[in-house]
Amino acid sequence: MSFVSIRLPSAGSEVIDRARPVTFSWNGKKLKAFTGDTIASAILANGDHIFGRSMKYHRPRGVLTADFWDPNLFVQVDDEPNVRAAHRLVENGMKVTSQNVWPSLKYDVKAANGLVGRFLTAGFYYKTFMKPAKLWPAYERILARFAPGGEVDLDTPHGYYDKRYAHPDVVVAGAGPAGLAAAIAAARAGASVMLVEHEHQVGGHLLWGSDDDRAAAAGMLTDARNLGVEILTNSTVTGRYEDNWLGILQRNHHIAEERLIKARAKMLIVAGGLIERPYVFAGNDIPGVMTSGAVRRLITMYGIKPGTRAVVLTANESGDAAVADLERAGVEIAEVVDGRTGAFVRSAEGSGRGTNHRLSAVTLSDGTKIDADLLVTAVGWTAPTSLLNMSGDRPVYDPAAARFFPGKTPDNVLATGGMVGDGTHDQLVAHGAATGTLAAGRAAVVQHRLQAATARAAAVDGPEPDYPEDLRTPLGRDPHPALFRSTTHGMVDYSEDVSSKDLFGAAAEGFDSVELIKRFTTATMGPSQGKLETVNTVAVLAEARGETIAEVGTTVWRPPYAPITLGALGGRVFEPVRVSSIQSYHESKGATPILAGQWIRPEHYDDPQAEVTNTRTNVGITDVTPLGKLDLKGPDVPKLLSLLYTNKWMQLPIGGVRYGIMCAEDGVVLDDGVTARLGDEHYLMTTTSSGAGGVWNWIENWLQTEHPDWQVHVTPVTTGFTSINVAGPNSRKLMGRVVAGVDLSNEAFPYMNVRTGTVAGVDDCVMWRIGFTGELSYEIQVPAGYGLHVWEALLADGKDLGIAPFGLEAQRVMRLEKGHFIVGQDTDGLSKAPTTGMTGLLKLDKDDWTGMPEVKWALEGDYPHIVAIQPTDPNCVPEEACQILRGPESNEIVGRITSSRYSPTLNRSICLGQLSPEFAEAGTELTVLLVNGERVTAKVMKHHAHFDPEGERLRG
Amino acid sequence: MANAKYSAAGLFIRGARKKTWPRVWREAEPKKAYDVVIVGGGVHGLATAYYLASNHGITNVAVVDKAYLGSGGSGRNTAIVRSNYLTPEGVAFYDRSLDLYNTMSTDLNLNVMFSERGHMTLAHTDSALRTMNWRAEVNKLQGIDSSVIGPQEVKREAPSLDVSANTRYPILGALYHPPGGTIRHDAVVWAYARAADSYGVDLIQKCEVLDITCEGGEGSESDSADGKGAGGKVTGVKTNLGDISAPIVVNCTAGWASTISDMAGVKLPITTHPLQAAVTEPVKTFLPTVVVSGSLHVYVSQTDRGELVFGASVDPVATYDMRGTLAFTEELAGHVLELMPGISKMRLLRQWAGLCDMTPDYSPVMGHTQVGGYLVDVGWGTYGFKAGPVSGEQMAEAIATESMPELIAPFTLSRFTEGTLVGEKGAAAVGH
Ligand SMILES: Cc1cc2nc3c(=O)[nH]c(=O)nc-3n(C[C@H](O)[C@H](O)[C@H](O)COP(=O)(O)OP(=O)(O)OC[C@H]3O[C@@H](n4cnc5c(N)ncnc54)[C@H](O)[C@@H]3O)c2cc1C
């Protein structure tokens, strides 16, 4: 029998606009459809009914449920894979192709798998391809060819996605009659309401119901609009997270491709209706077998005649209504099998090759065989309780109604509609309305509590309203026959090609709990995440185990409710870049940028070696703004500093600066830096650039969790100041020209001191006499807005002194010449404080400091030492990473090079490294393994500083 | 108790005769007493049981799990295996595990689908590149195939990555480790379970350990007379299915490890944090290797089924709650799109979380404790799946020989009181 689906005469119930035709292509053919058509209805209208092939057996597949969850209708649309054809609306120019076909939908070679299906039981791959082991990669490549799904186009541009925050009182998920009524009632009660509907139109099942149904839906839509309910169609509540934090995916925004709305809802109403379950029997995936919902939607909404001669298996009103719809559409009804009388369908068979494959006959429970090209099943429902599960609820099976119902939800989540029971239209509306009113009442209480708990100009109005109890009249539950599987085996999971036979086999093998069977067979793991499959899986497993469905229970439904694009989740990817106020200067000079954490910094302007030499002979300035800066105020700051740093802080005078090392609790070096005392109870701490955020967290953690009684206020001011380091023999002279009100003489402002004053006319600058470079130097912190001004003033005033800016690279060379270690480069995740060699700073006579016990241990035993190293060959600069070996012949690691550079000052290569103590003695000869495999010799130096070890230059 | 052997021929014969396969493991009732009770039916517990039986002939063993086998981290992880760690101890240990994984399918007669697809850790900053170089150098000296490659080679291995210079986090290079890859986590659990069962080990599901009984100890925090704690000796466990006596109890409970250890009066330096993961819908395969970015806190691989599997670093908050968050998926997607801008139309299908037992030095705690007969194999954090085989092998040896095998000697509990921590913070944090 060959079948051509056709468009019915136009009817008032349809959602397509026949006045606005659309042209698109399907597997290369140009086709016509109407605005409002889904891709699926558009293709059906053109007489095609096969959309793709199944994953494992490559069986041809057609419409099953004709909605978002249809497992058979995944297509590729332009560069977008896995588009749901029964949900996505067709658009002009769309290029639609089928997935999972090779080489074509019509002639699919892999369909041969279908013949050997008996041997490819679920999980067959665990049992074979083990030998020969060498061949597994080849097998693996073949298995990967069966990967289902469409193709990504790696050149797809990152489109315009967006996010929005919302704080509605009530969010209603699902706009069927109950959801609409709930939204209206909540809005009437004064709540701000967001009504979210997965489909393109509101109304739920009313859309494919009677004219009265549609009129009711339209009326409620008008009411909702008039009441100011925000209505989002083609949008899905994808997840309910802690405290009603909701993810809502809006797919029809007029600008953004997709928008993720993040809503903190005071109340969530779940009114997602019911999903119709397919029936399990032999041949249940032959094109032409559909659910009652599928044919009703196709006929009523899209004017599609889904077949010519039908058998209908009905166990409920939906099936009965389908019979009427089919008759109206001119489909011949060959037989109505009433599931309520105990009759059922035994099996179905198809005929026709390739894209003509279609249902040809149905065998009933009494053995009669009936010719038909359409088999409609209406065997029951699944409550899509995902959002409730995410709220902690576990669904409960009711054998009389043959479906799961919600259990217990938290107070701020309510359910209504078909999910919680059955009823007439009026009963559903009444339940919805009662739910809406209840939600609005509870939301008002939550609102009141929030306002009362928040500091605001005016007091909250009146006393807290009473918290409304749930006094809704529950919906009834209609009895329903338990129809899950026939006497034959058929598909349970269409997207994964898992049959009831597979499930029986898996259960017999011991994979006999829901979780294990799911993992072993992959049932419910496909794109609809069990919406169609879970309950049938549970039912088949129960049958196999001889248990009840309630005993077997169900799996946990995890977010998201419906898949979300990575684009929508990522949004307009916002990764801030940080630059200092001097950045425009760096750019204008063509400085080479370097990425340092979030910061962009000038690595060098010119030859970095020349920058070093100029700084050592004249004067240089460098932008060190990323240096972490924390402003600390309060009487207990010294206590805090004593706790954090290994050395002593109680006696630091005003104007004094001290260097400190911070350890984590395991004694490992966490950060280092200098801290100045600016006033009586006022300190300014500096941290490493990369440690700025971490140290702030660290301090707050100590203050908030361990010492809430301490009076310390911490303000991160890293970007509040622009930091400029002025270094070199001429730096004092230069400072003299720009600084007002501070005596710069060595006696008045010695090394390791701080002063506040005016620089280039800018007040409140903090000047530190410190020096990472080893030169006489001043670090100036300028209120950020004036950073560029001060920078330029220094350059202008220093012209005759030989001033030149230097970048990060020159600074690194100079610090290495001075032997200063860098936390995280010369130390690592295991370097305890003694490794730094700064044992003088480790004050074991203090009461306590973070990491003290561990550091004490370390000092008693062996620990690696940071030492200065010079290669024998002055021109050999070993890469930072080179390992140091026990000897020329050995492969045993005794240390490594952590920093290395060529020093223009010493005209030779210089390094810092970590060495085990037996090799750390000055003068020890070392074997260094270069990255290229060569071994060279090097020598351990006496001092960390390769240059000016006594520090005369910086104190001068 | 021999298993029906798995093979293509077996599939064929059973298919032709329409015969089903026998149970992977027996449904076992707990006996009154065992020589060894292992708490936790994840890869660690099951591997320990298997090696006890196969290598040491100790078969009067029960593995008990409060849910189903593999319900913990072993069934929730992203199954990345590699051995390019940072310390010589770490390298030697994980390399042995990789060896065992390599031959597991044939050794245990169940295809665990080890996919040696290569593992790439991206460097986005010069400091990251420095660390990669360091790791490569250590690895090379240990005979591990591991090297630093440049952006163009990165592109060749994974064409979906954006290696252009003008991205927010440019890819400066990567540590490339060809022997790394992924494995089918459930299959590993089942393979060990089936093999252990074939030696007569009892695998008891839905059996929750409620207490560990001890005698002679100095007493626990809550009760000084309960015989637990240092100096004591284990006598058995109390479970919802009754009491079981055993002279040896092994804690293999990962995320729940410290709560179980408290039952023996042994405090562990462990905090439990959730780790989240997610998968996308399947698409035709395009990503041949595992890609990790420490700076962007994300890693990704593509399964043979075509799904992208994502993971990140542990959640900052310590909790036993296994619910996923929206923020995780947002951050994840943002970061993944930084790396692979072309996949913005792929859809996230499912997210989940598991528990990770974190130690201060990102290394496990293994072996004997101050309570006689009470052993631990815990602290596996975010990296314990790949260590399953070697841990089981070594723990079995520790139990059988009543000593500490060399390979796991660095991981004793006493290191926290002796100051000999192992330093894998850098290599393990997001590395998995
Ligand atoms: C999202 C995620 C991704 C990960 N990715 C990787 C990765 O890529 N590579 C990698 O190597 N590692 C990874 N890991 C870590 C890895 O999963 C774990 O370290 C490993 O699985 C631990 O195995 P286990 O056998 O020790 O514990 P588990 O598998 O967690 O087993 C512990 C078992 O103990 C049981 N149990 C707990 N309490 C009791 C009780 N009272 N009585 C009885 N039984 C009890 C639990 O039910 C559970 O089954 C990841 C972890 C997560 C969560």
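Excluded from the calculations below are hydrogen atoms, water molecules and symmetry mates; all remaining heavy atoms, backbone and side chain alike, are included. Reminder, nothing fancy here: chain letters follow the sequence lines and each chain counts from 1.
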Tell me which of these, [options], has more heavy-atom pairs under 4.5 Å with chain B than the rest.
options	value
Gly567(A), Gly239(A), Pro563(A)	Pro563(A)
Gly526(A), Cys882(A), Pro148(A), Gly570(A)	Pro148(A)
Glu880(A), Glu151(A), Gln598(A)	Glu880(A)
Gly159(A), Pro576(A), Gly247(A)	Pro576(A)

Residue part contacting chain A, namely of Thr20(B), when any heavy atom lies under 4.5 Å: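 Contact with chain A: side chain only.
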Portion of Glu331(B) that has a non-hydrogen atom of chain A nearer than 4.5 angstrom: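 Answer is neither: Glu331(B) stays 4.5 Å or more from chain A.
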Cationic tip of Arg194(B) above Tyr6(B) ring, under 6.0 Å, 45° of axis: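 Yes, cation above the ring, under 6.0 Å and within 45°.
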NZ or CZ of Arg76(B) within 45° of Trp352(B) ring axis and under 6.0 Å: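 So Arg76(B) doesn't make the cation-pi contact.
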Part of Ala508(A) within contact of chain B (heavy atom distance under 4.5 Å):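 Contact with chain B involves both backbone and side-chain atoms of Ala508(A).
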Under 4.5 Å from a heavy atom of chain B, the part of Leu885(A) involved: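 It is the side chain, since no backbone atom gets that close.
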Which of Gly306(B), Gly334(B), Pro159(B) touches chain A most, by non-hydrogen pairs under 4.5 Å: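 Among Gly306(B), Gly334(B), Pro159(B), the one with the most close pairs to chain A is Gly334(B).
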Winner by heavy-atom pair count (cut-off under 4.5 Å) against chain A, out of Ile343(B), Thr280(B), Asp304(B):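 Ranked by heavy-atom pairs under 4.5 Å with chain A, first place is Asp304(B).
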Parallel, tilted or perpendicular, as decided by the 30° and 60° cut-offs, for the rings of Phe520(A) and Phe511(A):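 Rings of Phe511(A) and Phe520(A): parallel, under 30°.
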Within-4.5 Å side-chain heavy-atom neighbours: Phe310(B) and Gln276(B):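 Counting from C-beta outward, Phe310(B) and Gln276(B) never come under 4.5 Å.
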Atom of Gly510(A), atom of Leu516(A) and distance for their closest heavy-atom approach: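 Answer, listing the atom of Gly510(A) first, then Leu516(A): O-CD1, 4.2 Å.
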